[in-house]
Structure formats: structure tokens, C-alpha cells
> 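Here it is, the structure in full.
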Number of protein chains: 2
Amino acid sequence: MTIASHTKIRSPRQQVETAIEEMIVARSPGDRFPPGPELAKQLGVSRATLREVLGAFVERGALVRRHGVGTFVSSRIPVLESGLEVLESIDSLAQQIGLETEMADLEVLERTATPLEAQGLGTPAGKAALPVLIVNRVIAVAGEPIADLRDIVPLKYLRKEDLDQEFRGSILDLFLARSSPILSTSRTQIMVVSATAKFAQRLKVPLGSALLKLGAQLYSYDEEIVAYSVSYFVPGHFNFHVMRRVKQI
Amino acid sequence: MTIASHTKIRSPRQQVETAIEEMIVARSPGDRFPPGPELAKQLGVSRATLREVLGAFVERGALVRRHGVGTFVSSRIPVLESGLEVLESIDSLAQQIGLETEMADLEVLERTATPLEAQGLGTPAGKAALPVLIVNRVIAVAGEPIADLRDIVPLKYLRKEDLDQEFRGSILDLFLARSSPILSTSRTQIMVVSATAKFAQRLKVPLGSALLKLGAQLYSYDEEIVAYSVSYFVPGHFNFHVMRRVKQI
DNA sequence: TCCTATTGACTTGTCAGACAACTAATTTAT
DNA sequence: ATAAATTAGTTGTCTGACAAGTCAATAGGA
């Protein structure tokens with residue numbers, strides 16, 4: 001048994017993924033990519049592996065491949081990975097566009113989940129009461145509230161003690177930093193609601209004004225729901241968008 | 001030169017794609033997929049091609065692959081392809097869940113685009129006036145309005161004469177049926193607005209109530225914007241959701 | 001008996017090299 | 001000049017093989 005190095009072992013696939021991503025951001029929309037065989041050699045990887053990775057970027061809409069012609073950077077992506085299809089914390093989103101966020105009204109408590117919360121966590125109804133950690137807070141920029149976030153996490157995955165003084169308000173970032181549980185995807189429902197008295201007060205908006213509500217189940221790599229989060233956004237501060245592919249017939 | 005058959009030539013990739021899709025819907029979440037080599041032989045295709053297609057489904061979150069273990073149907077997809085990441089017309093969406101839709105207040109006109117519309121179509125400002133076709137209508141179910149749709153299409157791609165008596169209200173479906181232009185993706189902005197007097201009247205909702213607004217650029221295969229559409233949805237009739245992948249660090 | 005290695009079968013991940021299919025520009029023939 | 005044929009370059013697909021990971025069964029030691 002050799003002494004394990006502390007550098008993470010990254011599979012060829014992962015290496016190529018980040019390399020391609022860097023190549024894309026370094027190029028302008030419409031630019032040509034090096035031909036497959038050449039790029040594969042350059043990255044020290046087989047063409048098959050390279051093709052699998054390129055295919056993923058095509059699927060995401062970042063690259064366009066044309067049979068017999070070439071591979072090109074898509075001309076319709078202003079900034080890579082800024083859409084809703086990638087799950088990132090509000091903090092890192094704000095950081096990318098150079099915003100300083102503040103956290104207000106933080107509230108952390110442990111209790112049993114309400115039926116609605118249990119449903120959001122995918123627990124079959126009628127089961128024993130599920131103990132959860134509730135993290136509630138308001139995100140503000142320059143003193144102006146822009147979002148109200150509530151995370152519901154089964155105690156199995158996170159306890160009150162795990163939140164140290166440095167807690168910046170993002171359960172997602174916490175999980176990613178601990179790398180346990182390992183996260184994979186999130187299923188996010190998109191809704192609109194009118195501000196109730198409670199939210200009107202917390203977000204400093206008129207009663208009954210329109211809010212964007214996102215409800216998200218966070219899935220671990222082994223397909224467990226590790227968190228259910230509900231967010232309310234004040235319009236105008238974030239630009240959410242989604243790349244949708246057309247269902248060919 | 002042989003006489004061309006009227007059956008569309010489908011590449012191995014496309015054939016495998018539909019085959020896999022059928023396999024997924026025929027299975028239950030968590031079910032095991034046949035091992036790669038076996039499935040490849042069964043579909044009459046090489047394992048490399050199969051892997052590329054499977055990778056696309058993994059990227060979409062419909063399948064999960066585990067090194068050394070197997071490939072499984074994702075347990076987090078209730079119905080395949082019902083999320084926002086796939087662009088389908090309201091009609092086909094409604095049809096899938098067994099709803100009969102009606103079209104009301106249809107309005108079709110040709111004029112030049114307003115600056116805002118031109119911007120939505122990606123035309124550089126200050127250019128010559130862009131002639132467009134405007135298609136406006138309300139979608140209703142059982143007499144109850146659920147959405148207000150407006151499509152803005154440059155006359156280059158669609159003229160008033162192209163809309164026959166059978167026009168069902170969906171520009172998307174029309175383009176798909178004509179298969180010209182060939183569509184690829186759509187970039188959709190997600191917003192919330194309060195109903196103005198105009199929309200309150202058209203959608204029969206209280207003035208100032210919350211509406212979900214989607215603004216979408218429709219891209220052709222050669223990356224031209226062929227339509228800009230703005231939709232207003234009355235809450236509660238559609239469940240929009242998005243699968244978001246977690247950005248690993 | 002119980003616990004711990006080891007083995008082996010199975011599956012996905014990666015590799016190498018080759019050829020087919022397609023596109024666009026160039027060249028040739030009419 | 002126009003149209004057809006050629007050619008170079010690129011993506012699409014195929015074949016067969018081996019590496020790497022997982023898991024259960026088995027053998028060995030306490």
C-alpha cells in the first residue's frame with residue numbers, strides 16, 4: 001500500500017471537462033475548435049473519451065458540432081454556466097457578478113418536519129415524524145433584501161452543531177465544502193406567488209406584489225433527497241434563464 | 001442515383017436515442033439497464049455510439065451510471081422530458097396530460113419590430129426597421145384562460161400567408177412540421193410580473209395578481225434567432241420544473 | 001465461530017486504430 | 001462560363017482490447 005497523495009485523483013474525463021470549459025471561455029462565440037484527433041492528442045486522451053466530453057457540452061448547448069465541418073463555440077452563450085440548469089448558491093452567483101451579499105434574520109432550529117416539508121423531502125406520508133434542521137435567512141445586497149431562503153435538511157445529513165460561526169448562509173456550499181453527502185442534481189419547481197404579510201415585511205415589498213418562488217429537491221449521488229429548499233426572489237435582481245432543447249420528432 | 005425513399009434516413013445515433021428513450025419510459029425508476037456490450041449488440045450499434053447516447057441521457061439526469069456497477073434509470077424522474085429543459089408547445093404539453101386546449105383572441109399582423117422586440121430577436125440596435133410577423137393569442141382550458149402568448153417572427157422565416165385555417169396557435173409546432181427552419185434550442189428567461197389592466201382583462205385575473213412570464217429566443221440549427229416569444233402564465237395550471245446539475249469543484 | 005483477506009465475475013471507463021459519411025473548396029471537363 | 005468530378009479535412013461509427021472499479025463468494029486466520 002503506497003502513501004496516499006493528498007491531491008485528488010481526477011479521471012481523464014474530469015480533466016478533459018475542465019480543459020474544454022477553459023477553452024470555451026477563452027474563445028469567442030462562433031470560434032472554431034481544433035479537430036478531434038488533434039485535440040485528443042493535445043489533451044493526452046483518446047478520441048473516444050474526448051468525444052464523450054464534447055457531447056456533454058453539445059448537450060448543454062455550449063458547443064455545436066457539424067458533421068464533416070467542425071466543432072464550434074456556440075454563439076448563443078453570453079456567459080458559460082450562468083443559467084438555471086446549473087445549481088449554484090446565491091452567494092457564488094452574486095460573487096460572479098461582483099456583488100457583496102449580506103445575510104439577515106438568520107434562524108436555525110431543529111424540529112420535526114411538517115407534512116408539507118416531509119413531502120418536499122420525498123418522505124412517504126404517514127411515516128414517523130422526520131427530525132429536520134431548518135435554516136431560514138434573508139439575503140440582501142446593500143441593505144436591500146433580494147431573497148428569502150429556507151432549507152429543510154434531515155438531521156441525518158446536517159445538525160445544528162455543524163453550522164459554525166463562519167456559516168455564510170448556503171447549505172449547498174457547506175455540502176460541497178464537506179463533500180459529504182456528494183451532490184449530483186436538483187429538481188427545481190418554478191412558481192409565482194403574491195407576497196403575504198410575512199414576506200412583504202421580511203423582503204420589504206408591498207403586500208401582494210409578485211415574487212418568484214423556487215422549490216428545490218437536492219439529490220445526492222446515490223439519489224437520496226438530502227435537502228428541500230424554498231426560495232422567494234424579489235423580481236429584478238437576478239436574471240434566471242434556462243437553455244431548452246427542442247424535442248425533435 | 002437511386003430513387004430516394006420517402007422514409008427519413010435516421011442515423012444510428014438517432015435510432016439509439018429513441019430506443020433508449022422507450023426503454024426508459026418502459027422501466028421504473030431505479031431499474032437496471034442491460035450492460036453496455038449486450039445492449040450495443042441488441043441495438044445493432046457499436047458500444048462507443050451507445051455510450052455517447054447514454055451519456056446524453058446521464059447529462060439530462062434520466063440515467064445514472066456507476067463505474068463498475070451498472071447503469072440505472074434515475075429515481076428522480078416522474079415523467080421523462082416534462083421539464084422546462086425541453087421546449088415543447090403548450091398544445092403538446094397539454095395533450096400529454098390529456099387536456100383540451102382552446103385558442104382565443106387570435107391576432108395576426110405584419111409590421112416592423114419595436115426596439116424591444118428587435119432586441120429580443122438579437123438585432124443590433126440602430127439597424128433598419130425589421131419587418132416581423134406578430135402572432136398573439138390566449139390559450140384556454142374549459143373556457144378558462146391559462147396563458148397569453150405572443151410570437152415575434154421575422155418575415156424572412158414566416159409570413160401571414162403561411163398560417164392556414166388549420167393553424168392551432170403554435171409557431172413552434174408549425175416550424176417543426178415544416179422542418180424549416182430546423183430548430184435546435186431556446187434560451188428562456190424566467191420572470192414574474194404583476195398583471196396589468198390589459199392582461200388582467202385578457203386572462204380574467206385580478207389586477208396586480210402575480211403572473212409567470214417567460215421570454216424565449218428560439219434558435220435554428222445554424223444559430224440564427226428565428227423567433228422571440230413572450231408568454232404569460234396564470235399560476236396553478238402548469239408545473240414548470242428544471243433539472244439542475246450541481247457544479248462540482 | 002467470527003472476522004479478515006483474497007479471489008473472481010461482472011460492469012463501466014479508457015484506449016488505439018481504422019474506415020465511412022459528410023462538407024466545402026478546388027480542379028477539371030463540357 | 002457553367003457544371004461535374006476530385007480532393008482534403010472533419011465528424012460519425014466500428015472493432016477489439018485492456019484498465020479500473022464494485023460486489024459477493026470463498027478461503028484463511030484469530
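Just so it is clear, the values below take in all heavy atoms, side chains as well, and ignore hydrogens, waters and symmetry mates. Letters go in sequence order (proteins before strands), and every chain restarts at 1. From a predicted model like this one, the values you see are computed outputs, not experimental measurements.
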> Taking for each residue the nucleotide of DNA chain C with the nearest heavy atom, is it A/G44 or A/V69 whose nucleotide lies nearer the 5' end?
A/G44
> Looking only at N and O atoms, is any donor in the side chain of A/R47 or the base of D/dG12 less than 3.5 Å from an acceptor on the other one?
yes
> Under 4.0 Å: is that the gap between some side-chain N or O of B/T71 and OP1 or OP2 of C/dT12?
yes
> Whole Å only: how far is the CG atom of A/L43 from the C1' atom of C/dC15?
15 Å
> Toward the 5' end of DNA chain C, which comes first, A/G68 or B/E38, by nearest nucleotide?
B/E38
> Just how far, in rounded Å, is C1' of D/dT13 from NZ of B/K41?
18 Å
> Please report, rounded to the nearest Å, how far the P atom of D/dT11 is from the OH atom of B/Y221.
12 Å
> Expressed in angstrom and rounded to an integer, what is the separation of A/L39 atom CG from D/dG12 atom P?
14 Å
> Between D/dG12 and B/T49, is there an OP1 or OP2 to side-chain N/O distance shorter than 4.0 Å?
no
> Does a side-chain N or O from A/R65 land closer than 4.0 Å to OP1 or OP2 of D/dG12, or not?
yes
> Please say whether more than 12 non-hydrogen atoms of neighbouring residues, nucleotides or ligands are located less than 6.0 Å from CG in B/L155.
yes
> Look at A/S11 and D/dA20 and indicate whether a side-chain polar atom (N or O) is within less than 4.0 Å of OP1 or OP2.
no
> Assess whether a salt bridge exists between B/E38 and B/R47, defined as any Lys/Arg side-chain N lying under 4.0 Å from an Asp/Glu carboxylate O.
no
> Whole-Å distance between D/dC23 C1' and B/F72 CZ?
11 Å
> Quick check for you: among C/dT14, D/dC14, C/dT11, whose closest atom lies nearest to any side-chain atom of A/S46?
C/dT14
> Can you tell me which nucleotide in C/dT23, C/dT11, D/dT13 comes closest to the side chain of B/E52?
D/dT13
> Think A/R51 has a side-chain N or O under 4.0 angstrom from the OP1 or OP2 of D/dG12?
yes
> Side chain of A/H67 only, please: which of D/dC14, C/dA21, C/dC15 is the nearest?
C/dA21
> Please state how far atom CG in A/L54 lies from atom C1' in D/dT10, giving the value in whole angstrom units.
13 Å
> Within 45 degrees of the ring normal and closer than 6.0 Å to the centroid, is that where the cationic atom of A/R27 sits relative to A/F33?
yes
> Report yes if some heavy atom in the side chain of B/D151 is under 4.5 Å from a heavy atom in the side chain of B/L158; otherwise report no.
no
> Round to the nearest Å and state the distance from B/R66 atom CZ to D/dG21 atom C1'.
13 Å
> Just jot down the side chain to side chain donor-acceptor pair (under 3.5 Å) partners of A/R51, sequence neighbours excluded, or say none.
B/E52
> Nearest whole Å is fine: how far is C/dT11 P from B/L50 CG?
14 Å
